[in-house]
> 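Sharing a structure, written as structure tokens. Questions coming.
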Amino acid sequence: QLRLVESGGGLVQPGGSLRLSCAAPGFSLDYYAIGWFRQAPGKEREGVSCISRSGGSTEYADSVKGRFTISRDNNKNTVYLQMNSLKPEDTALYYCAAGVRGTDQAPPISRRGRYDYWGQGIQVTVSS
């Protein structure tokens with residue numbers, strides 16, 4: 001089955017930037033709409049952003065609008081989440097998820113149950 005692998009996380013200072021990558025070795029990610037989710041200790045998993053198969057439609061949580069940008073590069077078979085102006089409250093385990101194969105539109109990030117495949121997650125820590 002589809003295996004998703006996140007990378008690019010780490011420790012950064014407030015105001016800094018990170019770029020997360022979502023890859024699927026051995027699979028063509030361009031068959032899937034992709035969502036990014038995050039979960040902090042003691043909190044519910046929340047949707048961050050998503051992108052359609054074509055890349056023409058995106059969605060962002062209000063908390064990250066203007067700071068995060070989701071994109072995809074079919075040549076590299078990778079989906080990115082560029083995170084700028086990071087805040088301590090962005091600290092969480094970040095997950096990449098894939099929707100229904102062959103469907104262009106991404107499920108709303110509020111409907112995480114509609115995402116079929118999930119990566120193991122990668123830690124992002126924003127702290128001084």
Side-chain angles (χ1 to χ4, degrees):
Q1 63 177 341
L2 182 66
R3 181 170 65 93
L4 301 176
V5 181
E6 302 96 339
S7 62
L11 174 65
V12 296
Q13 294 184 331
S17 297
L18 282 175
R19 187 179 72 167
L20 302 183
S21 297
C22 177
F27 295 85
S28 295
L29 259 193
D30 62 358
Y31 282 105
Y32 301 90
I34 298 294
W36 285 98
F37 299 80
R38 67 187 183 186
Q39 187 166 20
K43 297 182 65 178
E44 296 281 337
R45 189 183 304 164
E46 64 177 350
V48 176
S49 184
C50 64
I51 188 167
S52 63
R53 282 188 64 196
S54 67
S57 181
T58 59
E59 181 190 2
Y60 297 92
D62 288 341
S63 60
V64 306
K65 284 181 179 177
R67 299 189 298 120
F68 290 12
T69 302
I70 191 169
S71 63
R72 62 195 310 159
D73 185 337
N74 289 339
N75 289 334
K76 293 183 171 62
N77 197 32
T78 302
V79 175
Y80 302 100
L81 184 68
Q82 178 67 45
M83 305 184 294
N84 298 326
S85 302
L86 284 162
K87 305 174 180 179
E89 51 263 45
D90 294 317
T91 296
L93 192 65
Y94 282 70
Y95 298 89
C96 176
V100 177
R101 190 178 189 274
T103 299
D104 182 67
Q105 189 66 50
I109 55 176
S110 64
R111 304 291 299 277
R112 65 180 184 269
R114 293 190 178 273
Y115 286 85
D116 293 334
Y117 305 97
W118 294 79
Q120 292 297 304
I122 191 164
Q123 182 67 38
V124 171
T125 302
V126 185
S127 176
S128 298

> Is there a donor-acceptor pair under 3.5 Å between the side chain of Asp104 and the backbone N or O of Ser52?
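No: the side chain of Asp104 does not pair with the backbone of Ser52.
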> Of the non-hydrogen atoms in Cys50 and Pro107, which two are nearest, and what is the gap between them?
SG-O, 3.8 Å
> Can you check whether Ile51's main-chain N or O pairs, donor with acceptor, with Thr58's side chain at less than 3.5 Å?
no
> To check you understand the geometry: which heavy-atom pair defines the closest contact between Glu6 and Gly119, and what is its length?
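In this case the closest contact between Glu6 and Gly119 is OE2-CA, 3.3 Å.
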> So do the side chains of Thr91 and Gln123 get within less than 4.5 Å of each other, counting heavy atoms only?
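Heavy-atom side-chain distance check passes, below 4.5 Å.
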> Measure from the side-chain N and O atoms of Tyr60 to the backbone N and O of Ile70, and report whether any donor-acceptor pair falls under 3.5 Å.
yes
> Determine whether Val100 and Asp116 make a side-chain contact, defined as any pair of heavy atoms from C-beta on separated by less than 4.5 Å.
yes
> Kindly state whether the ring of Phe68 and the ring of Trp36 have centres lying under 6.0 angstrom apart.
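No; Trp36 has its ring centre 6.0 Å or more from that of Phe68.
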> Does Tyr95 have Arg45 sitting over its ring (NZ/CZ under 6.0 Å from centre, angle to axis within 45°)?
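Yes - Arg45 lies over the ring of Tyr95, closer than 6.0 Å to its centre and within 45° of its axis.
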> Can any side-chain N or O of Glu59 pair as donor or acceptor with the backbone N or O of Ile109 at less than 3.5 Å?
yes
> Any sub-3.5 Å donor-acceptor pair from Arg67's side-chain atoms to Ser85's backbone N or O?
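Checking the backbone N and O of Ser85 against the side chain of Arg67, a donor-acceptor pair under 3.5 Å is found.
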> I need the Arg19 CZ to Ser7 OG distance, nearest 0.5 Å.
9.0 Å
> Taking C-beta and beyond as the side chain, do Pro88 and Pro14 meet within less than 4.5 Å on heavy atoms?
yes
> Is it true that Leu4 and Tyr94 fall in one hydrophobic cluster, defined by side-chain heavy atoms closer than 4.5 Å?
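Yes, Leu4 and Tyr94 fall within the same hydrophobic cluster.
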> Does the side chain of Cys96 reach to within under 4.5 Å of the side chain of Ile34, using non-hydrogen atoms?
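Heavy-atom side-chain distance check passes, below 4.5 Å.
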> Around Glu44, counting heavy atoms of other residues, nucleotides and ligands shown, do more than 12 lie under 6.0 Å from its CD?
no
> Side chains of Met83 and Leu20: does their closest heavy-atom pair fall under 4.5 Å?
yes
> Looking just at side-chain N and O atoms, do Ser127 and Thr125 make a donor-acceptor pair shorter than 3.5 Å?
no
> Answer yes or no: is there a donor N or O on one side and an acceptor on the other, between the side chain of Arg53 and the main chain of Asp30, under 3.5 Å?
yes
> Quick one: pull up CG in Leu81 and SG in Cys22 and give me the separation to the nearest 0.5 Å.
10.0 Å
> Do Tyr32 and Phe27 have their ring centres less than 6.0 Å from each other?
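Ring centres of Phe27 and Tyr32 not closer than 6.0 Å.
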> Considering all heavy atoms of both residues, which atom of Tyr115 and which atom of Ala106 are nearest to each other, and what is their separation?
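That would be OH-CB, 3.8 Å.
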> Report yes or no: does Arg112 contribute a side-chain atom to a donor-acceptor pair with the main-chain N or O of Ala97 at less than 3.5 Å?
no
> What is the distance from atom OG1 of Thr103 to atom CD of Gln105, rounded to the nearest 0.5 Å?
9.5 Å
> Atom CZ in Arg38, atom CG in Asp90: separation rounded to 0.5 Å?
5.0 Å
> If you take all heavy atoms of Lys76 and Thr78, which pair is closest and at what distance?
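In this case the closest contact between Lys76 and Thr78 is O-OG1, 2.7 Å.
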> Which distance, rounded to the nearest 0.5 Å, do you find between the CD of Gln120 and the CG of Leu93?
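One finds 9.5 Å between CD of Gln120 and CG of Leu93.
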> Under 4.5 Å between side-chain heavy atoms, counting indirect links through other Ile/Leu/Val/Met/Phe/Trp/Tyr residues: same cluster for Ile122 and Val12 or not?
yes
